[in-house]
Each structure stands twice: as C-alpha cells, then as structure tokens.
Amino acid sequence: MRKLILSVLLITLLLPGGCWDMREINEIGLVMAVGIDKSSRDPNLFWVTVQVANPQGSGSSGGGDKEKNESQVWIASAEGRTIFDAIREIARFSSQRIMWAHNNIIVVGESLAREDITPVIDFFTHNYELRMKTWVAITPLQASDIIKSNAGMGNIPGRAITEVFRFQKLTGLGLPSDLLNVFHDFSDENNHILISRLTLNQALTEAGLANVSENIVEQIEISGMAVFHNTRMLGYLSADEARGLSWFLGEEPNSVISLPHPENSVKAVAVEMRSVHAKIESRLNQDMPEFTIEISGTGHITEEDISSSLTMDEFKSALEGLAEQQIATEVRSSVSKVQKEFRSDVLKFGSTVHVQHKKEWNQDLKYRWAETFPEVEVEVVVNVSIDSSTLNQIPQRNYKERS
Amino acid sequence: MTKVQIDRMQYFLLIPNLLFPKAIGITAGVTARRVGGDAWTAMAIGFAAGTLMLLLIVFLSSRFSKLTIIGIVEQVIGKWPGKLAGLMLAAFFSLGFAVSANVMTLHLKEYFLIETPFLVICLIYILLCMYGVILGIENIIRYALLGFLGCLLINVTMIFGTIGDFEMINLLPLFDRGIVDNLAASIYVFGDLALAAMAIGMIFPMLNDNNKAGRLTFWAMAVSAVIIITWPVLELGVMGAGAMEQYVVVCMQQIRCAQLTRFLPRYELIMVFFFTFSTFVQSATLYFCAMYSIKQISGIKKDWYIVVPLSLVLVPITYFMAKDHNNYVNFLDYPWAQICLAVSLGLPLLLFVMALFSGKLMTASSANNSTGS
C-alpha cells in the first residue's frame with residue numbers, strides 16, 4: 001500500500017513538470033528563415049525580418065476559393081538594440097509564439113557583416129532551439145529583401161533556399177556554409193570565416209516567353225562567398241573563384257568543367273568531376289612555410305559539342321591534361337586573391353602548419369602568421385583521371401563528314 | 001548486508017553507467033577549457049590512471065571480500081578512523097549525487113524545460129532516485145543493462161549524425177599543449193572515476209562471485225573508456241576546441257550539431273531518452289552509497305530513517321550547486337576534481353600501505369582462502 005501511494009505521488013509529480021514549458025502546436029509560429037540587417041534609421045540597432053510558416057494559408061497551389069488565397073508564409077520585421085530585443089518586438093504583434101527550431105537559414109546583410117558578425121553568431125549559437133546545421137549566408141542586398149522574396153519552387157521560400165544550398169554540391173561553385181562550420185572557424189584560433197553569398201537574380205519563367213515583361217521573377221541564387229578576417233567581412237569571391245577554393249576545401253565537390261575540345265578549341269567538352277580529394281602539405285624553407293596543394297579526382301565525359309576522329313585513349317589523355325591545367329589555374333587564381341587581396345587565412349594553411357610543424361608554429365610562426373600568410377609560396381599539383389566516357393565507347397563520330 | 005547480491009554481469013555493466021553520464025559532456029568541456037584540442041588525450045590518460053586506481057580498490061576489496069571500504073578502514077586502521085572515513089564518504093557520496101543529479105537537471109533545464117523552475121526539476125529527480133534507493137540497490141543495478149544499451153545507442157546515433165562534419169585536423173597535433181599539461185588536465189576525469197571507484201568500494205561485497213574480479217573490472221573500464229573517449233574525439237572533430245570550450249553541456253551541443261538524415265534533423269530528446277537510464281543508475285547508486293555509509297557508521301537499521309532526512313539535505317545541495325550553472329562548472333573545475341583525486345587515490349593507497357605493513361593484507365587473504373575452502 002505504501003509503495004502504491006508513493007508510486008502515485010511520484011507519477012503525479014512527474015506530470016506537472018512539463019506544464020511550465022507547454023506550447024500548443026497551433027500557438028507556435030515556426031520560423032522558416034530570418035534576415036538580420038543594420039537598421040536604416042539608427043545604425044546601432046538591428047533590423048530583424050522573419051519568415052514564419054502560415055499553415056492556414058492556401059498558397060498559390062492550394063485548392064479552394066482563389067480570392068481568399070493567403071500566403072503560406074507571414075513576414076514580419078522589427079528593430080531592437082539587440083537581436084533578441086528585435087525578436088521580442090515581433091512578439092508584440094505576432095499572433096503566434098515565434099519558434100526557431102525549424103529555421104532553415106540565417107541571412108546577414110552585408111553592412112552588418114562588414115561591421116561585425118559576432119552578434120549574429122552569438123545569438124544563434126546561444127539559442128538552444130536552433131540547429132547548428134542551419135544554413136548561413138551573406139547578401140549584398142538587404143537581408144530583408146531575401147527573406148521577403150518569393151523565390152524558388154515550393155510554397156515556402158525558406159525551404160526552397162535550403163534545397164538550393166543542398167544542391168550546391170552539384171555545381172561545386174563554393175562551399176555551403178552552415179552555423180556549425182561558421183562557428184567552428186569563428187572560435188578557432190587559426191581559421192577565418194567563409195560564408196556563402198546569396199543574391200537575387202532575375203529569371204524568366206517558362207510562361208514568361210509569351211509576355212516577357214510580366215513574367216520575369218526573382219530567383220535566389222548562391223553566387224560566390226564572403227571572406228572574413230576575424231569578425232569582419234572583407235569582400236567577396238566570385239562564383240568561379242569560390243570554385244577554385246572548393247576544389248581543395250570542399251567535401252568531394254562534384255563540379256562540371258567545360259574544356260576546349262582537343263581538335264577544335266572553339267567547341268567545348270563537358271567533364272563532370274567526381275571523387276575529388278585534396279591534401280595540403282607544408283614544408284619549412286628557412287622558417288618560411290611553403291605549401292603544396294595536391295588534388296586528385298576522376299572525370300566523366302558528359303558532353304562533346306563536336307564530333308572527332310580521335311581514339312578514346314587519345315581523347316581521354318588530351319582531356320586529362322586540359323582538366324588538370326584548368327583546375328590548377330582556378331585554384332591558383334583563388335588562392336592568390338585570398339592571399340594578396342584579403343590577406344585572410346580562410347584556406348586553413350595556419351592549421352596545416354600547426355599540425356605538421358607543431359614546434360615551429362608554437363614557438364614562432366603563430367605570432368607572425370598574419371604577416372607571413374600573404375607571402376607563402378603555394379604549389380598546385382592536379383592529377384585527373386578520366387575514367388568514363390559515360391555510355392560511349394568511342395568519341396562522338398560523324399561519318400558523313402568523313403566521307 | 002550480504003543478503004543483497006549482484007551478479008558479475010550486473011557488476012560489469014554498472015561501471016560504464018557510473019562513468020558515462022557526466023564524463024561525455026561536462027567533464028569533456030571542463031578538460032577542453034584547460035587543454036583545448038588535447039582534451040581527448042588528457043581524458044585517455046585519466047582513464048589509464050583511473051583504471052589502475054580502480055584495480056587497487058578491487059584488489060583491497062577482494063582481500064577483505066565481506067567488507068565495504070568503510071569496513072576495511074575499521075579493520076585496518078581502527079574503529080574511529082572507520083567512522084570518520086564513513087562520515088567523509090557519506091559527504092563525498094552526497095556531493096557526488098548532487099554532481100550527478102545536476103548532469104540530468106541541467107540537460108533538462110537548458111534544452112527542454114526552460115521555464116520550469118529549477119527547484120521543481122531537482123525535486124522530481126531526487127524523488128525518483130529516492131524511490132530507487134527505497135526499492136534497493138539490486139533494483140537500481142538492474143537498470144544498468146538498459147543504461148548500457150542506451151549509452152551504446154547514443155554513441156551509434158551520435159557517430160552517424162556527426163561523422164559527415166568530422167575533421168581530423170581538429171584533433172591534431174597530438175599533445176599540442178605538452179605532456180605535463182595533459183597530465184595535469186587528466187585529473188578532471190577523476191571527478192567521474194572517483195565516484196565509480198568509491199561506489200565499487202561500497203558495492204563490491206554484494207558481488208556474488210568475486211573470482212577474477214580484477215579482470216572483470218579491467219574490461220569494464222576498457223569498454224567504458226572506449227564509449228566515453230569517443231565523445232571528446234567526436235566533439236573536437238566536429239565542433240573544434242574553441243566551440244567546445246564555450247558550453248556547459250558539451251554533449252548536448254554535439255547533439256545539436258548532429259543530423260540523422262534529412263528526415264531526422266534533430267534528436268536531442270532521443271539522446272536524453274537514451275541517456276536517462278545510465279544517469280539514473282549513476283545518481284541512484286551514489287544516493288544509495290551515501291545512505292549506506294551513514295547506515296554503516298550509525299547502526300540505524302531502517303533505511304527510511306536515513307533516506308528521508310538525507311533527501312531533505314540533498315534537495316538544497318543539488319539546487320544550490322547548479323542554480324547558477326557557471327558556479328556548478330567552476331565547482332567541478334575546483335575543488336571537486338582535486339577532492340576526487342585525493343579521495344580516490346589517497347584512501348586506497350593509505351589502506352594498501354597500512355594493511356601491507358600491519359600484515360593484515362596477508363591475514364585477510366588467508367582468512368578469505370580458508371573461508372573459500
């Protein structure tokens with residue numbers, strides 16, 4: 001009997017424990033995307049824009065009365081002395097309680113990023129609701145413009161942006177940045193931050209062919225990367241320059257390169273690179289580090305814009321040389337820009353020297369790394385093996401031309 | 001006392017449960033704040049040293065196989081030193097319980113029940129552990145199997161969820177801060193090892209068959225070391241030392257970074273579910289050891305007479321220890337780790353040396369042999 005009473009008491013005590021934190025699903029506003037800018041009214045204030053899912057909205061694809069169509073997202077903005085302040089301000093007019101657990105992306109306006117990104121990183125890593133795998137992007141526009149835009153396929157733009165990030169690997173044009181790797185580089189003593197650049201591009205819908213002016217829509221696109229030194233953004237790498245870095249900093253970038261055709265340089269051959277691996281080796285030459293970036297990967301011929309008379313072996317061999325040359329050029333160009341123009345070690349060279357020459361790094365190099373990094377020699381070695389011509393046994397032939 | 005018996009498998013499974021809950025997150029964070037990327041090597045050194053210390057306790061307990069560590073002190077040094085050791089261990093286990101309980105309360109308070117008053121969380125958890133103690137140590141230890149399976153499941157899911165973001169470079173170079181700093185930082189592991197060692201010193205007489213107990217303990221420690229060191233390795237590899245240093249509950253931060261496919265993008269609650277059983281086993285065992293220490297020195301027969309007042313003492317200790325989580329972590333940093341090191345190394349070594357020189361080690365051994373035959 002005593003045990004029964006004790007059990008009942010314990011169970012009843014356990015149950016009300018959750019009441020304090022009870023949140024009914026219909027009272028929650030799920031944030032899908034958030035944009036942080038400096039306020040145009042007062043540069044000391046933050047301007048926060050949230051895109052909140054509106055399950056009641058029928059959206060353009062929903063059925064029912066079209067006149068009553070309501071957007072599937074609700075956009076709200078507010079300003080505050082801190083980001084949290086601004087979010088609490090939104091709560092003053094939001095009919096639902098803001099919840100961050102399903103946020104997909106944090107967009108930061110360039111003006112704020114150029115000043116200091118610390119408040120953004122701190123707020124979102126401090127927030128227990130937010131996932132560390134949330135995407136982070138910098139935009140040269142106002143972050144609020146990105147959040148308000150109705151871009152991408154699907155009813156919820158925040159979700160569409162996530163998919164754009166997810167498929168970025170296919171293009172290889174940059175390194176997708178999430179809160180985890182941004183925070184990692186932010187808190188690391190050697191590394192500096194690289195964040196994807198997000199912008200709006202005008203695209204023509206298929207329907208727009210009939211009436212061009214009315215059917216141009218804005219599309220969100222990832223285009224290049226923002227380079228930081230410590231907490232401040234310095235500038236951008238273009239999409240091509242970002243690809244130069246992704247060859248050796250990315251996780252198996254899956255990029256398509258267009259090479260001049262070996263028999264007619266005006267025409268192109270598309271080679272899809274897969275299984276790209278890279279390693280960075282460092283050596284010390286009279287206390288000055290030198291680096292070798294070794295990249296290897298397999299190429300797959302996916303498009304030939306002209307027929308040829310080469311054998312497959314000759315064709316592959318010529319393309320291997322051209323691919324190696326192109327990748328090396330892209331890498332050298334990007335590394336040079338980061339070294340000479342930004343002088344910011346986003347390449348993890350400092351970490352590499354730290355690991356490979358611990359004693360020299362701890363005794364001397366880490367104290368003069370900021371001055372040393374822009375001057376270090378970098379050698380790029382690329383080894384491409386074209387393993388597949390994708391379905392074809394011989395290069396594209398045109399027997400009529402031959403006859 | 002010896003009516004209660006635990007079998008060898010339960011004993012084997014109890015050891016990882018006594019070590020796992022705090023070590024994977026809180027200890028890993030404290031160690032990272034000291035030696036950065038060397039946290040995992042420092043913890044591995046701590047485990048190696050701790051295994052030797054635990055084996056020494058098992059050796060002593062095997063020699064005096066019907067006695068708890070308090071009984072051994074009484075036999076080797078004397079009755080009153082035994083009482084003093086019992087009092088000291090009661091205080092140690094009570095503090096150890098509060099440290100262990102706050103591993104759970106902080107997980108809940110910081111990530112799930114933000115608005116629930118901290119006192120309510122402490123109260124409910126202490127009542128739950130009190131219920132376990134009333135049911136008895138055998139019942140608590142039965143949960144060790146669930147706890148151990150939970151530990152394995154958390155490890156597997158965490159590895160799958162974060163391996164994609166693992167960067168080997170974060171773990172290198174090895175011994176970056178030097179061997180001396182690594183050795184110094186390894187004492188933080190004793191905050192966990194000492195609890196397990198002293199608890200083993202209390203529970204060992206309940207083991208139904210202590211044949212080759214040393215070997216059993218060694219393998220239990222080896223398994224524990226593997227499942228625990230996996231965490232600082234993955235935490236460093238995924239978050240890096242800089243981010244790891246930032247947080248109170250590092251393992252939850254690691255889980256925030258994990259993504260088990262696109263369809264299960266977060267699983268903090270699942271992690272805490274797996275984790276609950278081993279934390280409960282740890283906390284309730286320490287609660288039992290505190291109660292049993294008092295019982296041994298006071299001679300009180302009814303557990304209730306100790307459990308109720310002890311609970312009334314444990315509530316404010318637990319509450320005030322972690323009401324401000326920074327104070328809790330500072331306490332673990334200093335003086336808790338140092339106290340644990342002193343207790344877990346000092347007491348067994350003192351007993352071993354005194355028993356050896358007084359000849360009681362050999363007497364106890366032959367007494368055991370004759371009882372055994």
Side-chain angles (χ1 to χ4, degrees), chain A residues 2-3 6-7 9-23 101-102 104 121-122 124-134 162-163 166 178-191 249 251-252 279-280 348 350-359 361-362, chain B residues 36-37 108-118 120-121 123-128 130-132 134-135 161-162 164-178 236-247 249 252-259 262 265-268 304:
Chain A
R2 192 190 285 171
K3 279 184 182 172
L6 193 64
S7 309
L9 275 173
L10 270 173
I11 291 165
T12 47
L13 262 173
L14 288 171
L15 294 176
C19 293
W20 274 280
D21 291 272
M22 183 188 70
R23 279 193 252 177
H102 297 272
N104 296 290
I121 293 178
D122 182 73
F124 289 104
T125 54
H126 238 130
N127 187 320
Y128 71 96
E129 281 185 359
L130 209 91
R131 284 171 296 143
M132 294 297 284
K133 298 296 290 175
T134 306
T162 305
E163 299 306 308
R166 201 160 68 82
D178 59 32
L179 193 56
L180 173 61
N181 52 45
V182 170
F183 187 44
H184 173 278
D185 291 343
F186 176 81
S187 55
D188 192 279
E189 60 179 331
N190 302 326
N191 298 339
L249 292 178
E251 292 168 16
E252 292 198 25
K279 66 175 179 183
I280 306 172
K348 299 186 194 292
S351 297
T352 307
V353 183
H354 183 193
V355 170
Q356 295 175 1
H357 307 279
K358 181 176 84 173
K359 193 176 156 199
W361 175 263
N362 285 333
Chain B
L108 295 175
K109 179 67 183 165
E110 302 220 322
Y111 288 88
F112 301 103
L113 304 173
I114 311 299
E115 288 167 26
T116 307
F118 186 58
V120 172
I121 300 174
L123 205 63
I124 291 173
Y125 189 67
I126 290 169
L127 280 172
L128 189 70
M130 183 178 127
Y131 183 57
I134 288 165
L135 291 180
T162 56
D165 291 302
F166 182 84
E167 288 183 41
M168 191 65 198
I169 198 168
N170 292 345
L171 299 180
L172 300 172
L174 286 178
F175 298 113
D176 188 32
R177 306 278 178 102
L236 284 165
V238 172
M239 288 188 277
M244 200 176 156
E245 287 169 19
Q246 198 85 34
Y247 294 99
V249 186
M252 281 302 278
Q253 199 57 29
Q254 173 78 350
I255 294 301
R256 263 180 86 195
C257 302
Q259 187 166 324
R262 287 175 61 215
R266 62 188 315 163
Y267 69 113
E268 287 101 316
W304 272 96

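Chain A is the first sequence line, chain B the second, and so forth, proteins listed ahead of strands; every chain is numbered from 1. All values below come from the heavy atoms of this structure, side chains included, with hydrogens, waters and symmetry mates left out. Just so we're clear, the structure is a prediction, and the values are computed from it rather than from any experiment.
At a 4.5 Å heavy-atom cutoff, the contact between B:E110 and chain A is made by backbone atoms alone. Heavy atoms closer than 4.5 Å to chain A are found in the side chain of B:D165, but not in its backbone. Looking at B:L135, the atoms closer than 4.5 Å to chain A (heavy atoms on both sides) all sit in the side chain, from C-beta outward. Heavy-atom distances place no part of B:I255 under 4.5 Å from chain A, backbone and side chain included.
Judged purely by distance below 3.5 Å, without hydrogens or angles, the side chains of B:D176 and A:N362 pair a donor atom with an acceptor atom.
Scanning for ring-ring contact (aromatic ring centres under 6.0 Å, His included) contacts around B:Y247 gives an empty result, with sequence neighbours left out. The salt bridge (Lys or Arg N to Asp or Glu O under 4.0 Å) search around B:E268 returns B:R266, not counting sequence neighbours.
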Could you give me the CA-CA distance, side-chain angles and deciding distance for B:Q253 and A:M132, then say whether side chain to side chain contact (heavy atoms under 4.5 Å, CB included) is met? CA-CA 8 Å; B:Q253 199 57 29; A:M132 294 297 284; 3.6 Å; yes

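Most heavy-atom pairs under 4.5 Å with chain B: of the set A:L179, A:T352, A:T125, this distinction falls to A:T125.
Put simply, CG on A:N190 and CD1 on B:I169 are 8.5 Å apart, with the number rounded to the nearest 0.5 Å. Atom CE of residue B:M239 and atom CG of residue A:N181 lie 14.0 Å apart, to the nearest 0.5 angstrom. One distance of note links NE2 of A:H184 with CD of B:E167; it measures 5.0 Å at 0.5 Å rounding. Rounding to the nearest 0.5 Å places CG of A:D178 at 8.5 Å from CD of B:Q259.
Exactly one residue among B:L172, B:N170, B:L171 makes a side-chain contact (heavy atoms from CB on, under 4.5 Å) with A:V355. That residue is B:L172.
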